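Position 1 is the first residue of the sequence; numbering continues from there. Counting convention: from 1, in listed order, for ligands and their atoms alike. Note that the structure is a prediction, hence the values are computed from the model and not measured.
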Amino acid sequence: MSRPVVGIVMGSDSDLPVMRETAAVLQRLDVPFEITVASAHRSPERAAEYARTAAARGLRVIVAAAGGAAHLAGVMAAHTTLPVVGVPLAGPTLGGLDALLSTAQMPPGVPVGTMAIGGWGAQNAGWFAAQVLALSDPALASRLQEHKAAMARAVEDKARRVTEAL
Ligand code: RP5
């Protein structure tokens, strides 16, 4: 098993059903990752320590997901210069808009690359992390290229089926 290069960190284990989607994309692309729980509010020391030690442990991208007042990705970005990808998750109210704004509205100098709310964002966090890693991994770049070609073929098939349905 290769050393993880992507770290997925979630505010709670209740975020796992959505964040499995990031894991699935990384598994599909054969990108080694780790996944854990750390909370910006409930375990601030653990969260800071995770980010501070991430680069030395071999991680190259951090994906941070949280719901509500979602400060986890921002805390990651505060403690590392690795690229941080934020995934805002929907809580019981506000549909994730709270988490989207908390994750995206970072002050200058401390960026979080913020994805869409929920499952789309979780999937794209995987694709985005892979695209960052592909800058120095030609084999991964080629797998990403194959994926783009497959998506384009799928659209062609849909267009043909729509035409044939009428
Ligand atoms: C956030 O609060 C977590 O990321 C989660 O989305 C939400 C609820 O957490 P639990 O109460 O389910 O642990 O910090």
Task: Sidechain N-carboxylate O distance under 4.0 Å for Glu146, Arg143 - done: no

Task: Interatomic spacing from CG in Leu26 to CH2 in Trp127 - rounded to 0.5 Å - done: 9.5 Å

Task: Residues in side chain to side chain donor-acceptor pair (under 3.5 Å) contact with Arg28, at least two apart in sequence or another chain - done: His147

Open item on the list: Going by ring-ring contact (aromatic ring centres under 6.0 Å, His included), name the pairs with one or both residues in residues 73-109, residues two or more places apart or in two chains.
Closed with: none

TODO: If you link ILVMFWY side chains whenever their heavy atoms are less than 4.5 Å apart, which other residues fall into the same cluster as Met106? By chain and number, please.
DONE: Val9, Tyr50, Leu59, Ile62, Leu72, Met76, Leu82, Val84, Val110, Val112

Task: Residue contacts for ligand 1, heavy atom to ligand atom, distance under 4.0 Å - done: Gly11, Ser12, Ser14, Asp15, Arg42, Ala66, Gly67

TODO: Return the minimal non-hydrogen interatomic distance between Pro88 and Ala99, and the atom names on each side.
DONE: CB-C, 3.5 Å

